[in-house]
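Here the structure is laid out as structure tokens; the discussion comes afterwards.
Being a predicted model, the structure only gives us computed values, none of them experimental. Here is how names work: the chains are called A, B, and so on, in the same order as the sequence lines, proteins then strands, and each is numbered from 1.
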Amino acid sequence: MSSVATRSARTLDTGLVATLRSRWRLVSLLAVIVIWVLVWTFTRGDSTLAIQASDRTDIHGWFLRLTTSIEEANNVVTAALAALADAMDATLLFFQHLFTVPEFPRPLPQVGWLGALALASLATYAVAGWRPVLIVAASFLLFGMLGYYPDAMDLLIVTSVAVAVALLLGIPIGIWMGHSKVVSAIVTPILDVMQTMPSFVYLLPFSILFGIGPAVAALVTLVYAMPPAVRVTAYAIRAVSSTTIEATDSLGQSRWQRLRNVELPMAKRTIIVGVNQTTMAALSMATIAAYVDGPGLGQPVLEGLRRGQLGKAFVAGLAIVIMAIMLDRTTTAASIRAETAARSGRDRGRQRWVVLGVGAAVAAVAVYLSNGYSWANEFPAGLDIGTWIQLRVDDFSGWLRADFSSVTTSIQERFTLSFLNPVQDLIAGSPWFVAGAAICAIAWIAGGNRALGAAVICLTGLYFLDLWNNAMITLTAVLVATVVVMLLGIVVGVWMGRSKNVDRAVRPFLDAAQTLPPFVYLIPVLVLFGANRFTAMVAGVIYAAPVAIKLIADGVRGVSATTVEAAEAAGTSRLQMIWKVQLPMARGALLLAANQGLLYVLSMVVIGGMVGAGALGFDIVYGFRQSEFAGKGLAAGVSIVLIGIMLDRITTYSARRSSSAAPAGARAKNTTRKRFPLLSSSS
Amino acid sequence: MTDTATVTPPQANAEQPAALAVDRLWKVFGPKADKIIGSPDADLPRHEMLKETGCVAAVKDISFEVAAGEVFVVMGLSGSGKSTLVRCLTRLIEPTAGTVTINGTDVVGASESTLRDLRRNHVAMVFQHFGLLPHRQVIDNVAYGLEIRGVGKAERRKRAAEIVDLVGLEGNEHSYPDQLSGGMQQRVGLARALAGDPALLLFDEPFSALDPLIRRDMQNEVIRLQEDLQKTMVFITHDLQEALKLGDRILIMRDGEVVQIGTPAEVVASPADDYVRDFVSDVPRSHVLTLRYVMRDPRPDDSSEGLVMSSDTIVRQAARAALASDHVVRVVDDGKLVGIVDDDAILRIVVAEESVRA
């Protein structure tokens with residue numbers, strides 16, 4: 001007993017020291033902000049480097065010339081890229097002719113809804129078992145009933161092709177990374193940057209390289225979806241038990257035998273978790289790829305948002321949500337089945353083959369029917385529920401605007417006036433060198449020299465890209481929204497971390513929310529608040545909250561039970577427990593949550609550019625619309641990446657710093673930390 | 001089972017080359033490890049070497065030979081380098097310097113394909129944590145070594161089934177490793193090693209992860225198999241009882257160096273230093289010592305009647321008959337009288353033990 005007591009006492013003691021140390025940092029952070037505010041009161045509005053939306057500078061011209069020179073270039077690289085795009089186009093067109101686009105002289109595609117449903121069910125049964133088949137069948141029916149069957153199929157085609165190629169390339173790279181420290185050291189930073197970049201930022205460079213259309217949508221999707229496949233595969237290969245490798249090596253296996261018989265089978269389940277993440281990443285990119293004219297459900301959403309037809313966007317968004325749930329459930333079930341399948345006895349195996357055979361026969365009949373009969377090809381219009389939903393949503397948003405707008409507007413205005421505007425005035429209204437110096441000081445206090453270095457490099461980049469003021473406005477939105485995310489995260493996360501029941505009730509919703517593409521979140525918020533920067537921030541908060549809440553809940557749950565018990569034995573009250581024990585010890589998790597919150601919010605705030613969020617997001621959107629602003633759009637894209645890297649580095653280094661002072665439990669959690677917005681969703 | 005100790009330790013002789021020969025083997029972990037050997041730093045104690053050079057010598061200038069059919073035990077506490085040593089024998093860990101010769105094949109200089117051939121056909125290893133393939137049934141785990149040699153499925157399953165029976169796993173062929181207890185899993189590990197019919201078996205603390213009763217069963221299993229199969233074995237353990245029970249000869253290691261090599265009786269009767277003496281102080285000597293260590297030189301007045309025993313008879317086994325007889329025991333090797341054991345000599349060993357225990 002006494003040893004337990006002394007150990008916990010020591011842990012408490014370290015916690016206290018760490019808290020004191022962080023207090024010291026808190027004090028200096030406050031001092032920086034106070035000085036900043038003082039300097040700002042005298043210098044506000046000077047040298048803010050603000051430029052008009054229609055202004056372009058030399059650097060933007062340089063980017064524009066760069067894009068035209070790339071577009072007009074004629075060399076091996078461009079030829080290879082063109083060939084790549086052509087091959088992708090041909091592949092997509094093949095599947096589209098099968099499922100969605102009638103090929104002359106047929107009036108309808110080769111395989112209609114009934115055939116597609118049967119094929120999808122059969123494939124699902126083969127990889128994931130019979131339960132997910134129900135989900136898949138129901139989802140296909142719902143796509144039809146919502147009135148978006150062809151769009152859903154297009155989205156599914158783009159996503160599947162992109163995922164297939166991403167896995168084909170990503171898994172071998174991951175295996176190589178798992179085996180070679182050198183490759184790992186080279187690839188990991190690239191993956192880090194790729195996963196820090198908001199999905200939206202990928203679009204403009206890809207459209208410059210490949211133009212617009214289905215091929216570029218699939219290419220950008222596969223590039224965006226590859227990092228999780230690579231990372232998870234590498235992790236899975238590294239995690240294979242070294243004893244087993246040694247034992248089988250001692251029998252004289254060749255490297256190939258080791259890979260095939262030992263490493264891949266043992267890593268299989270984890271790799272399929274990677275397939276899940278790759279698929280979800282691909283889905284979110286494939287919807288946003290509507291911006292580059294990618295086919296699928298993103299199109300009606302985008303159109304609805306542009307024209308203010310919220311009902312239409314809502315119904316299409318609903319179809320995306322269904323698609324996300326379907327893909328997530330199917331791939332998750334596949335990963336569980338990968339474990340159990342081998343175990344089921346011979347009888348079960350035989351039974352499975354019988355079901356597969358019968359299923360294949362039924363599917364063949366269904367395909368035949370849907371090929372020849374229009375009722376099995378075109379989804380019957382009589383089952384439509386999409387129009388009804390669309391009208392209700394339009395009614396509702398009409399009612400909101402007419403009768404309820406006073407409430408929503410007052411919420412929005414109060415928040416904007418009392419919180420958002422002052423912060424934006426300070427950050428974007430200070431002279432650039434004052435704001436820059438303040439950010440550098442904060443970076444240094446929080447994360448030390450390395451964070452300072454990252455901040456200096458990124459801020460210098462922002463300065464030379466001539467979008468300083470817009471960058472600061474975007475930064476403001478990100479910071480303010482992240483503060484809200486963290487408040488939400490702490491309240492709900494602590495609640496979940498302290499109560500198993502709450503956790504059990506809330507977690508499924510968070511899991512589901514994390515699988516949705518960011519695009520979808522804009523729609524309901526837009527219905528409520530209309531198009532403005534507040535909407536983008538609310539959407540960002542909703543998008544980022546689930547990750548932050550889960551991380552904090554896990555952090556609080558991870559606090560050593562002995563410490564909690566010892567503190568309880570010392571007569572700690574509930575509030576004291578939260579403030580003095582659980583939160584300080586979960587500090588690593590808090591910083592990690594802040595890190596993820598910032599990156600998630602950033603990616604959402606940028607997408608918000610199209611619904612009135614302005615600043616950098618708008619510059620990118622404008623770059624799409626006006627070709628002479630493509631250069632400025634690119635500069636805005638680079639600026640966003642720089643902001644992302646800066647925020648990521650500052651939080652990462654400060655998390656690393658605090659973890660070295662934090663107790664062992666928190667430290668262990670921290671070292672396994674990854675810039676892994678997607679991996680965290682599956683845990 | 002104690003009669004294994006009565007087996008005459010096979011001595012490596014010039015005509016028959018040793019099954020395994022290790023000569024001046026080194027394994028140094030750390031930066032520029034190969035620079036250490038031969039420099040004055042090599043003689044530093046472990047912690048000083050770490051401080052001076054950043055290196056740790058896990059295996060330090062070790063030489064020994066193992067004869068065909070011999071059970072050679074390497075014993076030491078954790079961190080003594082014994083597991084590294086056994087891994088160097090088939091280059092699961094690359095040795096830093098020295099040579100290893102198995103059946104006349106130079107292991108250290110072997111090409112990758114020669115090494116693979118050696119591992120496939122001549123040497124097999126049993127591991128402390130089993131290292132089984134969780135996704136394969138017992139029978140396919142056992143057959144794995146044959147599979148990678150390219151033996152056909154029917155053939156290797158047939159052979160594996162025989163081995164499964166041999167190690168007492170019949171009925172569990174189609175279980176998965178995680179459905180078995182630790183002892184059963186280690187039987188699978190043993191079967192996997194035996195399936196390829198290797199001449200040399202390496203055991204890396206195979207029974208340390210098992211509970212004591214199962215451990216005793218498995219030790220007896222090894223003794224039984226050894227009587228049937230007559231393999232050459234190198235057996236790593238940190239358990240002296242296990243070493244004395246199984247070993248024809250024992251190598252005691254500390255901090256990467258050899259402290260003593262000898263038969264169980266030699267180690268117990270004449271420990272090389274305090275370290276070994278401390279180790280063997282709890283050992284019941286009558287279970288280990290042979291008559292050779294308690295006999296005195298024959299004198300002319302000794303009775304020429306009475307019992308005749310060989311010098312490697314264990315004291316405990318000789319005790320009852322010797323004490324019952326009126327005459328002293330005459331110790332005779334190869335028809336030649338080498339010594340005399342009287343009741344006092346026996347009582348000194350047996351009674352001393354009793355009083356220590358009391």
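Side-chain contact check for B:V28 versus B:V56: every heavy-atom pair is 4.5 Å or farther apart.
By a heavy-atom distance cut of under 4.5 Å, A:T243, A:T244, A:E246, A:A247, A:T248, A:D249 are the residues of residues 240-249 of chain A near chain B, going up by number. Within residues 95-105 of chain B, no residue has any heavy atom under 4.5 Å from a heavy atom of chain A. Residues of residues 250-260 of chain A placed with any heavy atom under 4.5 Å of a heavy atom in chain B are listed by number as A:S250, A:L251, A:G252, A:Q253, A:S254, A:R255, A:Q257. Of residues 110-123 of chain B, those residues with a non-hydrogen atom less than 4.5 Å from any non-hydrogen atom of chain A are, in numerical order, B:E112, B:R116, B:R119, B:R120, B:V123.
Ion pairing of B:K82 with B:D204 is absent here, as no side-chain N (NZ or NE/NH1/NH2) approaches a carboxylate O to less than 4.0 Å. Ion pairing between a basic and an acidic side chain is recognised when a charged N comes within 4.0 Å of a carboxylate O; A:D503 and A:K550 show no such pairing.
In this structure, the side chain of B:Q179 engages the main chain of B:Y176 through a donor-acceptor pair within 3.5 Å. Between the side chain of B:R156 and the backbone N or O of B:Y144, no donor-acceptor pair lies under 3.5 Å. Under a 3.5 Å cut-off, the side chain of A:T279 and the backbone N or O of A:V275 do form a donor-acceptor pair.
Considering only heavy-atom pairs separated by less than 4.5 Å from chain A, the leading option among B:H129, B:R87, B:R149 is B:R87.
For B:R136, the part lying near chain A is the side chain, with the backbone staying farther off; criterion is any non-hydrogen pair under 4.5 Å. Of the atoms belonging to B:L132, it is backbone heavy atoms, and not side-chain ones, that fall under 4.5 Å from chain A.
Less than 6.0 angstrom separates the ring centroid of B:F64 from the ring centroid of B:F72.
Between the side chains of B:E242 and B:Q219, at least one donor-acceptor pair of N or O atoms lies under 3.5 Å. For the residue pair B:E205 / B:T237, no side-chain donor-acceptor distance below 3.5 Å is found, with atom types taken as modelled.
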**OP:** Verify side chain to side chain contact (heavy atoms under 4.5 Å, CB included) between A:T331 and A:I272, making sure each step is shown before the conclusion.
**Re:** CA-CA 7 Å; A:T331 45; A:I272 296 178; 5.7 Å; no
Subject >> Test log, rule side chain to side chain contact (heavy atoms under 4.5 Å, CB included), inputs B:I62 and B:M253 >> reply: CA-CA 9 Å; B:I62 286 190; B:M253 268 181 97; 3.3 Å; yes
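Between atom CG of residue A:L327 and atom CG of residue A:N276 there is a gap of 9.0 Å, rounded to the nearest 0.5 Å.
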